[in-house]
Amino acid sequence: MGNHPLLVLVGFDRATYFGLWRQQALLVGGLTAVVLIVLFGASTLVLRAWQLESVQRSALLREGRRNHGLLLTASDGLHVLTRDGMVVELSDLFASMLGYERNALIGRHVSTWDASIDQGVIQQWLQSFELGERRKFATRHRRSDGSLIDVEIHSAGVRIEDQELVFCSARDITARKQMERQLAASAQEIHDLYDNAPCGYHSLDANGIFVHINATQLSWLGYTRSEVVGKKHAFEFLTEQGRATFERNFPQIKANGSLDGVEIDLVCRDGSRRRVSINSSAVLDEQGNFLRSRTAVFDMTELHRTKEQLSKLSREQEAMLDNDMIGIARIRNREIVWKNPAMDRIFGYAPGEMIGLPTRRLHVDEETFASEGAAAYPLLLQGGHYRRQLEMSRRDGQRIWIDSNGVIISGDTGESLWMFTDITPIKQAQAHVEHIAFHDGLTGLPNRLLLADRLQQGMAHAARNNRLLAACYLDLDGFKKVNDELGHAAGDLLLQEIARRLQASIRANDTVSRLGGDEFVLLMTELESRSECLAALARIQAEVGNSVQLRDGQEALVSASMGVAFYPGNGSDPDTLLRNADAAMYKAKRAGRNQFQLYD
């Protein structure tokens with residue numbers, strides 16, 4: 001019980017003392033009991049009245065009366081207790097501190113106001129006091145109105161005559177305790193903010209050893225505070241590059257007092273890395289000497305990763321936008337507001353010349369420009385995607401085939417992004433393949449496949465417009481002799497010349513086709529009468545009958561036997577019509593050649 005918080009030693013000034021006595025005029029049996037309590041002094045002064053001479057005793061009694069008055073008016077809450085905890089004397093201030101009249105507490109037990117422990121514990125503790133022992137403690141007292149106050153008690157054990165007493169001095173420290181609690185709460189809040197801040201904090205001494213580090217940074221690193229503070233050097237958490245940065249910058253903090261915005265990688269316990277930005281300042285003593293750094297550490301890992309990804313994406317986009325294959329342009333109000341270099345190459349413009357250029361200049365005519373706008377922009381504004389292959393115009397007027405692809409990028413401004421790919425070589429190759437597939441390789445005339453398609457279309461058109469269509473089967477007379485006598489090369493030249501003459505002899509809407517060997521078919525459409533066809537055949541027969549000049553002065557002379565069948569009278573489908581025309585041609589051959597016969 002020696003350290004119980006109820007009674008604690010008071011530290012007294014050795015040069016000062018305050019005496020208290022209480023006299024109870026008990027003259028019965030000639031005994032006068034004088035109680036003298038020495039309040040302050042270097043040691044407990046125990047005076048026994050019966051050991052003094054009568055003169056001395058009288059002086060002591062006078063001193064006791066004076067000290068009793070001092071007790072009552074003392075500035076501290078003074079009170080005297082028996083070993084059982086009963087009050088034998090107290091100051092007015094102590095009674096007022098507890099909200100009582102002084103006389104109301106005389107003879108009362110200390111548990112009346114003590115709010116900490118019960119009566120039995122108090123008595124046991126009081127009885128443990130050694131004479132001359134001093135104790136000091138803080139406790140709480142309950143006032144008469146039930147409210148609690150914090151007090152600081154200084155106490156000492158003394159002997160007056162034969163009675164052992166405990167002298168106590170109480171001071172109201174409620175305001176101080178409240179302030180201490182507020183300071184403790186504030187300190188805890190600051191500690192919580194420091195430890196659990198969204199960024200790391202640490203301090204390094206002049207050698208780079210950690211002297212402080214918050215919980216946030218410890219969680220990043222994967223270490224406990226005891227493993228780091230006073231033991232770990234900043235080097236131990238840095239990459240090789242980070243160490244070089246530290247060696248370069250830490251002296252600057254000590255010399256200049258601060259350093260901001262340095263980015264380094266922290267190496268964590270599990271081997272992972274965390275990108276951080278560091279802002280540091282120096283803490284100096286009164287002489288300006290460096291004590292420690294004060295450093296805030298901001299986690300930049302995700303931001304750094306995002307920046308790297310954006311940088312990579314930007315490089316990829318730049319490579320894509322600046323490629324020389326695909327033209328890319330932003331178009332607003334059908335004017336070019338941005339374009340990549342490939343646009344200049346594709347459309348033949350100088351750098352910068354296309355900015356602000358109306359897209360009408362890229363279309364072959366006004367009709368195409370209008371139809372493209374009507375088809376594309378309503379779809380784009382609905383969030384759709386527009387793509388089409390069309391002929392467009394270069395700056396010099398040359399036509400090129402473009403695969404155009406557009407999407408809207410701003411619904412507010414209507415700005416769209418377009419990609420233009422020059423597919424002219426593809427179109428040319430496609431046309432060449434189609435030409436080979438549908439044309440005769442020697443003469444360039446439509447072959448049997450293309451003839452069938454055009455015959456089908458011609459018959460449908462004739463039926464809609466109530467017109468005639470004529471299929472004329474033509475075979476050269478004397479061609480085999482040229483081949484046999486002059487050779488196949490001469491025969492080929494002959495066929496090419498005859499093909500040219502036939503092509504020149506027909507109208508634009510008619511077709512000349514070579515089926516193979518020396519056999520040709522003439523398809524005449526939009527005929528109003530048979531006589532119109534027969535007149536054309538007469539001209540053709542005359543053209544074919546003219547001599548053909550070959551190489552090396554060679555000359556060939558052939559004629560044409562032709563048979564004609566008319567749609568719809570001589571056949572309602574392509575196969576029937578051609579078969580009947582062929583039959584009429586053989587009729588002309590049998591009739592003596594160099595003539596034409598109608599199918600009958």
The reported gap from CD1 in Ile346 to CD1 in Ile326 (rounded to nearest 0.5 angstrom) is 8.5 Å

When the side chains of residues 247-255 are checked against the rest of the protein, which donor-acceptor pairs come out under 3.5 Å, sequence neighbours left out?
residue: Asn249; atom: ND2; partner: Thr245; partner atom: O; Å: 2.8
residue: Gln252; atom: NE2; partner: Arg248; partner atom: O; Å: 3.4
residue: Lys254; atom: NZ; partner: Ala206; partner atom: O; Å: 3.1

Tell me if the CZ atom of Arg345 is crowded by more than 12 foreign heavy atoms within 6.0 Å.
yes

Is any side-chain N of the basic residue among Glu227 and Lys232 closer than 4.0 Å to the acidic one's carboxylate O?
no

Does Lys589 come within less than 4.0 Å of Asp477, counting only side-chain N to carboxylate O?
yes

Ion pair present between Glu497 and Arg500, side-chain N to carboxylate O less than 4.0 angstrom?
yes

Is the backbone N or O of Thr295 less than 3.5 Å from a side-chain atom of Ser293, with the two atoms forming a donor-acceptor pair by type?
no

Check this for me, if you would: do Glu519 and Arg514 make a salt bridge, where the nitrogen-to-carboxylate-oxygen distance has to be below 4.0 angstrom?
no

Are side-chain N/O atoms of Gln597 and Tyr473 paired as donor and acceptor at under 3.5 Å?
no

Do Gln241 and Asp265 have side-chain atoms, one donor and one acceptor, less than 3.5 Å apart?
no

Arg269 to Tyr223, cation-pi by 6.0 Å centre distance and 45° axis angle:
yes

Measure from NZ or CZ of Arg334 to the centre of the six-membered ring of Phe369 and say whether it is under 6.0 Å with the direction within 45° of the ring axis.
yes

